[in-house]
Trainee: 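Input: one structure, supplied below.
Within every chain, numbering begins at 1; the chains are lettered A, B, ... in the order of the sequence lines, protein sequences first and strands thereafter.
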Amino acid sequence: MGAALPEATGQNSEVYVLVRQASGGEFLLDTLDDAGTPIAEPLRLSPAAFSSFVSSVEPSSAAPRWVWEDTAHVYPALLAGGIRVQRCHDLRLCHVILKNSALTATTDLALAAPGRWDLASSTVNDLAEPRATLFDFDATSTDDGADESALREFRRQLEAVASAAEPGRLRLLLAAESAGALIAAEMRYAGLPWRTDVHDLLLTRELGTRVAPGVRPEQLEGLAQRIRFELDDAALNPDSPQDLFKALQRAGLAVTSTRGWELKKLQHPVIEPLLQYKKLSRLLSANGWAWMESWVVDGRFHPDYVPGGVVTGRWATRGGGALQLPRQIRGAVVADDGWKLVVADAAQLEPRILAALAQDPSMARAGRGTDLYAGIVSSGVVETRDHAKVAMLGAMYGATTGESGRLMPRLARAYPLAIALTESAARAGERGEVVTTRLGRSSPTPPPGWHETQARAYDPAATGTDERRARSQARDWGRFTRNFIVQGSAAEWALCWMAEIRRELTALTRADVPPAAAGEYAAPAAASGPPGARAPFDSAPHLVFFLHDEVIVHTPAVHADAVAHIITTAADTAGRLLFGDFPVDFMLTVATVDNYAEAK
DNA sequence: TTTATATGCGCC
DNA sequence: AAAAGGCGCATATAAA
């Protein structure tokens with residue numbers, strides 16, 4: 001195992017190691033400079049030798065940036081061997097960004113026909129099990145002659161960034177997106193500590209004792225009986241929207257659906273038990289005992305995050321619903337003995353992002369050192385915090401009616417730059433144009449048929465219906481682009497925040513764990529925590545949960561204060577990375593707790 | 001019987 | 001009064 005990495009050749013240059021998997025399962029490694037030029041002999045390694053190689057260069061400061069097609073494909077196997085990497089470049093995720101970005105619109109990469117790099121990530125199967133090889137990574141060309149090899153793709157990506165309008169921003173975005181992929185794999189591997197006994201207790205208190213699948217628990221059955229009595233329908237199945245709708249009509253209730261928010265407005269003895277039934281029924285079906293059985297393993301919930309799964313750059317999930325974990329059951333998230341959860345939430349993240357995007361000094365000032373909505377109130381813009389909040393949401397989502405629409409003009413007077421930015425993003429969308437986030441992620445083009453509908457409204461023969469349809473469709477897309485720049489830029493801030501947290505957490509305890517000697521691949525030590533604790537996450541603080549603007553770090557109690565400090569500092573760093581010296585605060589609420597329900 | 005769509009509600 | 005921007009998931013129901 002004598003292959004050492006060459007020294008970096010300059011201050012700003014980076015050493016990349018492109019990792020490809022050959023059809024036989026062997027790994028092909030190319031050491032490249034930041035132009036994609038080989039600077040060492042390629043290596044061909046067995047899977048074990050590959051793990052050994054990675055662990056021999058990590059976590060040294062001389063470790064390269066690993067370049068691979070799909071983090072979710074390669075990284076779980078390394079983690080299963082107790083090996084983490086510091087940095088990577090996820091070709092598939094970066095391809096999507098560069099292909100769509102307005103900043104790289106004229107590059108070869110953006111102009112190329114769709115190929116295999118445009119395929120969505122395939123699903124990952126078992127934890128820590130690498131998937132079957134999907135592509136022959138030895139192949140350098142496809143039938144149409146296009147060279148789609150990983151090396152060629154990587155070079156095209158480097159070239160696209162280098163010739164982009166804002167290469168610095170894109171470099172940061174690609175690094176952050178790739179760090180997100182590492183974090184997602186690590187969080188899934190480590191898992192969120194989950195007490196099934198506490199979960200069961202919460203369920204039993206709400207629903208009654210546990211019953212077999214398909215059987216209505218006691219509390220739900222009682223509510224169903226009350227609903228049947230109040231609607232005078234002994235055979236009613238409250239789980240059937242159709243049946244329920246008819247029964248409500250028969251009882252003289254003028255409803256157009258069975259949605260909760262519509263029922264809430266009505267006065268009738270059935271409403272209270274019905275709303276309660278819906279609430280409990282949701283708990284049972286979404287996060288009941290069946291969910292517990294299939295998603296909690298050895299005291300850990302393993303959320304399956306999908307980085308970049310949403311057009312705006314937000315993450316999605318695939319099974320398990322980690323991004324919709326209801327408040328009702330957060331008490332089951334309990335730190336291990338001797339450990340703590342540090343729960344941090346970015347307060348009013350999106351308005352602060354908007355203030356910074358628009359470089360609006362007044363809005364930035366409203367959020368300085370305080371709750372931003374309170375700051376808007378104390379500036380005399382509106383009377384209450386609720387009004388401030390609903391007005392801001394309206395500005396970012398495009399409300400035109402209701403209370404939110406009424407308050408908007410006052411917001412526009414107080415914060416002209418911020419509101420002008422949201423309006424200009426909306427107008428761009430209405431014209432069918434693309435908008436771009438702070439770091440360079442661009443919105444998709446309107447859906448098929450959109451332009452045709454717009455064109456039809458300008459035809460001399462256009463009817464009123466044509467015009468109304470076109471106007472409504474244009475406004476819909478304008479609301480999307482208006483929100484895109486804020487939500488997408490907030491997602492970028494969150495990625496930078498998490499990447500900083502991860503980096504600093506690693507540094508915090510690195511001294512505790514001596515790096516393996518070069519060429520020696522140490523088997524992971526036996527886990528010291530509960531059965532579900534997995535090395536290397538059984539001894540050091542690590543991220544376990546992410547929810548758009550919120551993170552949870554599971555940490556040995558002795559490190560909790562240091563972790564809280566790292567999280568707070570990382571928020572400032574993320575703000576500077578995106579917005580330089582523009583003076584906007586990114587405030588956090590940070591709580592060190594034993595269980596998630598205690599936070600907030 | 002299996003597969004696709006609709007509904008309703010959870011999260012930010 | 002209505003119910004915004006982004007989603008995922010379970011269940012019921014319709015279609016194949």
Trainee: Charged N to carboxylate O under 4.0 angstrom, R226(A) versus E272(A)?
Mentor: yes
Trainee: Whole Å only: how far is the NZ atom of K278(A) from the P atom of dG8(B)?
Mentor: 6 Å
Trainee: Answer yes or no: is there an ion pair linking R479(A) with D476(A), defined by an N-O contact shorter than 4.0 Å?
Mentor: yes
Trainee: So does S240(A) get a side-chain nitrogen or oxygen closer than 4.0 Å to the phosphate oxygens (OP1/OP2) of dT13(C)?
Mentor: yes
Trainee: What is the distance from CG of L323(A) to P of dA10(C), rounded to the nearest Å?
Mentor: 14 Å
Trainee: For L283(A), which contact category applies under a 4.0 Å heavy-atom criterion: base, sugar-phosphate, or nothing?
Mentor: nothing
Trainee: What is the separation between atom CG on N483(A) and atom P on dG5(C), rounded to the nearest whole Å?
Mentor: 8 Å
Trainee: Roughly, in whole Å, what's the span from CH2 in W291(A) to P in dG10(B)?
Mentor: 16 Å
Trainee: Identify whether any heavy atom of R282(A) sits under 4.0 Å from a base atom; if not, whether one sits that close to sugar-phosphate; answer base, sugar-phosphate or nothing.
Mentor: base
Trainee: Rounded to the Å, how far apart are F484(A) CZ and dG6(C) P?
Mentor: 11 Å
Trainee: Is Q487(A) side chain donor-acceptor paired with the dG6(C) base, going by distance under 3.5 Å alone?
Mentor: no
Trainee: I'd like to check, for Y397(A), whether its ring lies over the base of dG5(C) with centroids under 5.5 Å apart and a plane angle smaller than 30°.
Mentor: yes
Trainee: Is the closest side-chain donor-acceptor distance between S442(A) and T436(A) under 3.5 Å?
Mentor: yes
Trainee: Does one side chain, of R216(A) or Y277(A), offer a donor that lies under 3.5 Å from an acceptor on the other?
Mentor: yes
Trainee: Using the side-chain heavy atoms of P326(A), tell me which of these nucleotides is nearest: dG8(C), dG10(B), dC9(B).
Mentor: dG10(B)
Trainee: Using a 4.0 Å heavy-atom cut-off, does R327(A) contact any base of the nucleic acid, only the sugar-phosphate backbone, or nothing at all?
Mentor: sugar-phosphate
Trainee: Students often get this wrong, so: under 4.0 angstrom with heavy atoms, is V311(A) touching a base, only sugar-phosphate, or nothing?
Mentor: sugar-phosphate
Trainee: Mark yes or no for a side-chain to base donor-acceptor pair under 3.5 Å between R314(A) and dC7(C), with no hydrogen or angle criteria applied.
Mentor: no
Trainee: Any base atoms under 4.0 Å from S281(A), or only sugar-phosphate, or nothing? Heavy atoms, all strands.
Mentor: nothing
Trainee: At 4.0 Å (heavy atoms only), tell me whether R330(A) reaches a base, stays on the sugar-phosphate, or touches nothing.
Mentor: sugar-phosphate
Trainee: Could you tell me how far apart W261(A) (CH2) and dG10(B) (P) are, to the nearest whole angstrom?
Mentor: 14 Å
Trainee: A quick test of your reading: do over 12 heavy atoms of other residues, nucleotides or ligands sit less than 6.0 Å from CZ of R228(A)?
Mentor: yes
Trainee: Kindly say if T317(A) contacts the phosphate of dC7(C), meaning a side-chain N or O under 4.0 Å from OP1 or OP2.
Mentor: no
Trainee: Check DNA chain C against residues 194-212 of chain A and give the residues with a non-hydrogen atom under 4.0 Å, in numerical order.
Mentor: none
Trainee: From the set dC12(B), dA4(C), dG5(C), return the single nucleotide nearest to any side-chain atom of V390(A).
Mentor: dA4(C)
Trainee: Within the structure shown, what part of the strands sits under 4.0 Å from G321(A) by heavy-atom distance: base, sugar-phosphate, or nothing?
Mentor: sugar-phosphate
Trainee: Tell me yes or no: between the side chains of N595(A) and E598(A), is some donor less than 3.5 Å from an acceptor?
Mentor: yes
Trainee: From the options dG5(C), dG8(C), dC11(B), select the nucleotide whose nearest atom is closest to the side chain of R479(A).
Mentor: dG5(C)
Trainee: Run the ring-centre check on F546(A) versus W497(A) and record whether the distance is less than 6.0 Å.
Mentor: no
Trainee: Within the 4.0 Å heavy-atom criterion, would you say A399(A) contacts the bases, only the backbone, or no part of the nucleic acid?
Mentor: base
Trainee: Enumerate the protein-to-nucleotides 14-16 of chain C contacts in which both atoms are nitrogen or oxygen and the separation is below 3.5 Å.
Mentor:
residue, atom, partner, partner atom, Å
dA14(C), OP1, Q242(A), NE2, 3.1

Trainee: Once you apply a heavy-atom cut-off of 4.0 Å, does N287(A) come out as touching a base, just sugar-phosphate, or nothing?
Mentor: nothing
Trainee: Salt bridge check, R195(A) against D197(A): does any charged N sit closer than 4.0 Å to a carboxylate O?
Mentor: yes
Trainee: Please determine whether a side-chain nitrogen of the Lys or Arg among E430(A) and R471(A) lies less than 4.0 Å from a carboxylate oxygen of the Asp or Glu.
Mentor: no
Trainee: Has T481(A) got a side-chain atom pairing as donor or acceptor with G478(A)'s backbone, closer than 3.5 angstrom?
Mentor: yes
Trainee: Would you mind reading off the distance between Y305(A) atom OH and dC11(B) atom P, rounded to a whole angstrom?
Mentor: 15 Å
Trainee: So does K265(A) get a side-chain nitrogen or oxygen closer than 4.0 Å to the phosphate oxygens (OP1/OP2) of dA2(C)?
Mentor: yes
Trainee: Contact class for G260(A) vs. all strands (heavy atom < 4.0 Å): base, sugar-phosphate, or nothing?
Mentor: sugar-phosphate
Trainee: Take atom CG in D232(A); do more than 12 heavy atoms of anything else shown fall under 6.0 Å from it?
Mentor: no
Trainee: In whole Å, I'd like the distance from the CG atom of D243(A) to the P atom of dT7(B).
Mentor: 15 Å
Trainee: Side chain of S285(A) only, heavy atoms from C-beta on: which candidate in dA10(C), dT13(C), dG6(C) is closest?
Mentor: dA10(C)
Trainee: Could E350(A) and R314(A) be called an ion pair, given the rule that one side-chain N must be under 4.0 Å from one carboxylate O?
Mentor: yes
